[in-house]
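Just so we're on the same page: letters track the sequence lines, and every chain starts at 1. The structure presented is a predicted model; accordingly, all values stated were derived computationally and were not measured.
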Protein chains: 2
Amino acid sequence: MQPANKMAVLKSFIDAKGLKSTSQRDFIAETFFKTNTHISLDELLSKVRKKTPNIGYATVYRTMKLLSECGLAIARQFGDGQTRYENLPEDGHHDHIICIKCAKIAEFQNPKIEQLQIEAAKKLGFTVVNHKLELYGYCPDCA
Amino acid sequence: MQPANKMAVLKSFIDAKGLKSTSQRDFIAETFFKTNTHISLDELLSKVRKKTPNIGYATVYRTMKLLSECGLAIARQFGDGQTRYENLPEDGHHDHIICIKCAKIAEFQNPKIEQLQIEAAKKLGFTVVNHKLELYGYCPDCA
DNA sequence: ATGAAAATGAAAGTTAATATCATTTAAGGA
DNA sequence: TCCTTAAATGATATTAACTTTCATTTTCAT
Ligand SMILES: [Mn+2]
Ligand SMILES: [Mn+2]
Ligand SMILES: [Zn+2]
Ligand SMILES: [Zn+2]
């Protein structure tokens with residue numbers, strides 16, 4: 001989805017909930033939609049403050065919470081103690097592999113693993129709603 | 001491994017590092033070795049204080065850190081904001097499925113998934129050192 | 001334009017983890 | 001057994017990320 005379309009989705013979500021539009025939130029969202037990393041609130045705040053220095057941390061926090069609610073952002077925790085956000089991926093769900101030396105993050109999709117997860121759960125009588133799969137190891141540069 | 005053997009492993013780790021034995025640490029470790037759940041520091045502290053009411057949180061914290069270091073305990077984070085510890089499993093590594101309604105935790109082993117993880121990483125040039133796989137969904141009672 | 005309701009930003013509060021520090025304790029050697 | 005010294009303890013303080021509060025500002029339907 002293009003950033004412009006994402007803005008439209010956000011607008012309708014805001015309308016549907018009876019919320020109001022603000023320049024701060026729009027700018028934070030636009031800035032986030034342009035990212036293609038796994039960005040922390042502090043990082044996003046810095047980015048946003050380059051153009052709009054008086055935006056507050058709480059507004060960035062609340063905006064990302066809103067984007068997560070309406071599915072445009074995904075919150076991730078890679079174990080470094082900070083929540084990171086990424087844009088809803090074009091091509092569906094993916095999982096992550098993180099370099100334990102340089103913190104590089106790579107993404108992968110693996111339908112077989114997904115299927116085996118569902119089966120493993122079924123054996124225990126569980127139904128899977130979501131999951132978290134993170135591999136930790138060394139990237140090509142750090143191996 | 002029996003609790004008694006675990007105590008022996010802990011003793012040798014303590015000796016090797018030039019640390020000293022204490023009754024508090026021994027009792028915390030013994031208490032932990034008897035658990036078969038995924039226990040938080042607060043829960044373990046309560047358990048310990050039933051017999052030894054004056055043991056401090058910090059000592060439990062430091063003991064579990066030590067047990068993690070010497071491989072007798074595994075620290076887990078299931079996304080509820082608290083670190084939980086479990087005994088080193090008899091039968092090797094396992095992953096978890098957590099009920100999003102009642103918080104029940106089930107465990108499973110799946111060599112196929114493990115193998116596919118390694119292969120997925122390899123395709124990206126990564127080598128896997130460890131991983132985290134958690135399924136979230138509904139348990140049989142909550143489905 | 002007006003007024004109700006939402007949004008903002010600064011500041012305060014929360015919570016789990018971690019560090020500090022005065023005091024106590026363990027353990028090897030005199 | 002008595003010292004000595006380094007480690008352990010427990011109370012308390014600090015940290016860090018998140019979350020809430022609140023006075024003020026802004027939006028937007030009327
Ligand atoms: Mn990603
Ligand atoms: Mn387990
Ligand atoms: Zn790397
Ligand atoms: Zn359940």
Side-chain angles (χ1 to χ4, degrees), chain A residues 7 10-32 38-70 73-85, chain B residues 7 10-32 38-70 73-85:
Chain A
M7 284 309 290
L10 176 57
K11 290 276 185 212
S12 31
F13 186 84
I14 283 172
D15 284 355
K17 284 231 166 185
L19 309 181
K20 293 172 180 174
S21 286
T22 69
S23 60
Q24 290 98 327
R25 185 160 56 199
D26 285 357
F27 184 60
I28 293 165
E30 272 166 19
T31 305
F32 170 71
H38 305 81
I39 198 168
S40 69
L41 286 184
D42 281 327
E43 288 163 358
L44 184 55
L45 180 63
S46 300
K47 220 177 251 286
V48 156
R49 279 190 171 161
K50 282 181 186 162
K51 293 247 177 177
T52 321
N54 52 340
I55 277 185
Y57 173 93
T59 303
V60 174
Y61 164 77
R62 287 184 286 233
T63 298
M64 291 316 298
K65 194 176 179 183
L66 190 68
L67 294 188
S68 297
E69 272 170 34
C70 67
I74 302 175
R76 303 280 189 189
Q77 332 250 187
F78 294 132
D80 66 340
Q82 270 191 108
T83 300
R84 293 176 173 279
Y85 296 87
Chain B
M7 285 308 291
L10 176 57
K11 290 277 185 211
S12 30
F13 187 84
I14 283 173
D15 284 354
K17 285 232 167 188
L19 308 181
K20 292 173 181 173
S21 288
T22 69
S23 60
Q24 290 98 327
R25 185 159 58 200
D26 284 356
F27 184 61
I28 294 165
E30 272 167 20
T31 305
F32 171 71
H38 303 83
I39 198 167
S40 69
L41 286 183
D42 281 327
E43 288 163 357
L44 183 55
L45 179 63
S46 299
K47 219 177 251 286
V48 157
R49 278 191 170 160
K50 281 179 186 162
K51 291 248 177 172
T52 321
N54 52 337
I55 276 184
Y57 174 93
T59 303
V60 174
Y61 164 76
R62 287 185 286 234
T63 298
M64 291 317 296
K65 195 174 178 184
L66 189 70
L67 294 187
S68 297
E69 271 169 36
C70 67
I74 301 175
R76 303 281 189 188
Q77 333 249 193
F78 294 131
D80 67 339
Q82 272 193 105
T83 300
R84 292 177 172 280
Y85 296 86

Between P on D:dA17 and CZ on A:R84, what's the gap in Å once rounded to a whole number?
10 Å

So B:I39 and B:F32, do their side chains get closer than 4.5 Å, heavy atoms only?
yes

Considering only heavy atoms of chain B and a distance under 4.0 Å, specify the first and last nucleotide of DNA chain C in 5' to 3' order that meet this criterion.
C:dA16 to C:dA27

d(B:Y85 OH, B:K65 NZ) to nearest 0.5 Å is 9.0 Å

Identify, residue by residue, the members of residues 39-56 of chain B with a heavy atom below 4.0 Å from DNA chain C, and return them in order of residue number, or none.
none

Separation of atom CD1 in A:I14 from atom P in D:dA29, rounded to whole Å
13 Å

To the nearest 0.5 Å, how far apart are OG in A:S12 and CG in A:L10?
8.0 Å

Can you name the residues that form a ring pair (Phe, Tyr, Trp, His ring centres under 6.0 Å) with A:F78, not counting sequence neighbours?
A:H38, A:H96

Rounded to the nearest 0.5 Å, what's the gap from OG1 on A:T83 to OH on A:Y61? Could you check?
9.0 Å

Validation: residues 49-56 of chain A side-chain donor-acceptor distances under 3.5 Å, sequence neighbours left out:
from  : atom 1 : to    : atom 2 : distance (Å)
A:R49 : NE     : A:I55 : O      : 2.8
A:R49 : NH2    : A:I55 : O      : 2.9

Sole residue of A:M64, A:R84, A:Q82 in side-chain contact (heavy atoms from CB on, under 4.5 Å) with A:L41:
A:M64

Residues which pass salt bridge (Lys or Arg N to Asp or Glu O under 4.0 Å) with B:R76, listed by chain and number, not counting sequence neighbours:
B:E86

I need the residues from residues 21-32 of chain B with at least one non-hydrogen atom less than 4.0 Å from DNA chain D; give them sorted by number, or say none.
B:T22, B:Q24, B:R25

Test of understanding: with salt bridge (Lys or Arg N to Asp or Glu O under 4.0 Å), list the residues that count as partners of A:D42, not counting sequence neighbours.
none

Write down the distance between NZ (A:K20) and P (D:dT30), rounded to a whole number of angstrom.
12 Å

When A:Y57 and B:G81 are each assigned the nearest nucleotide of DNA chain C, the 5'-most assignment goes to A:Y57

Dot-bracket assigned to DNA chain D with the 3.5 Å Watson-Crick/G-U criterion, [ ] for crossing and | for other-strand pairs, is ||||||||||||||||||||||||||||||

How long is the line joining CD of A:Q77 and C1' of D:dA17, in whole Å?
11 Å

By side chain to side chain donor-acceptor pair (under 3.5 Å), B:T59 pairs with (sequence neighbours left out) none

Could you pull out every donor-acceptor pair under 3.5 Å between side chains of residues 14-30 of chain A and any protein atom, sequence neighbours left out?
from  : atom 1 : to    : atom 2 : distance (Å)
A:T22 : OG1    : A:R25 : N      : 3.1
A:R25 : NH2    : A:K20 : O      : 2.3
A:D26 : OD2    : A:K11 : NZ     : 3.1

B:K47: what forms a salt bridge (Lys or Arg N to Asp or Glu O under 4.0 Å) with it, not counting sequence neighbours?
none

Across all chains, not counting sequence neighbours, the salt bridge (Lys or Arg N to Asp or Glu O under 4.0 Å) partners of A:E69 are none

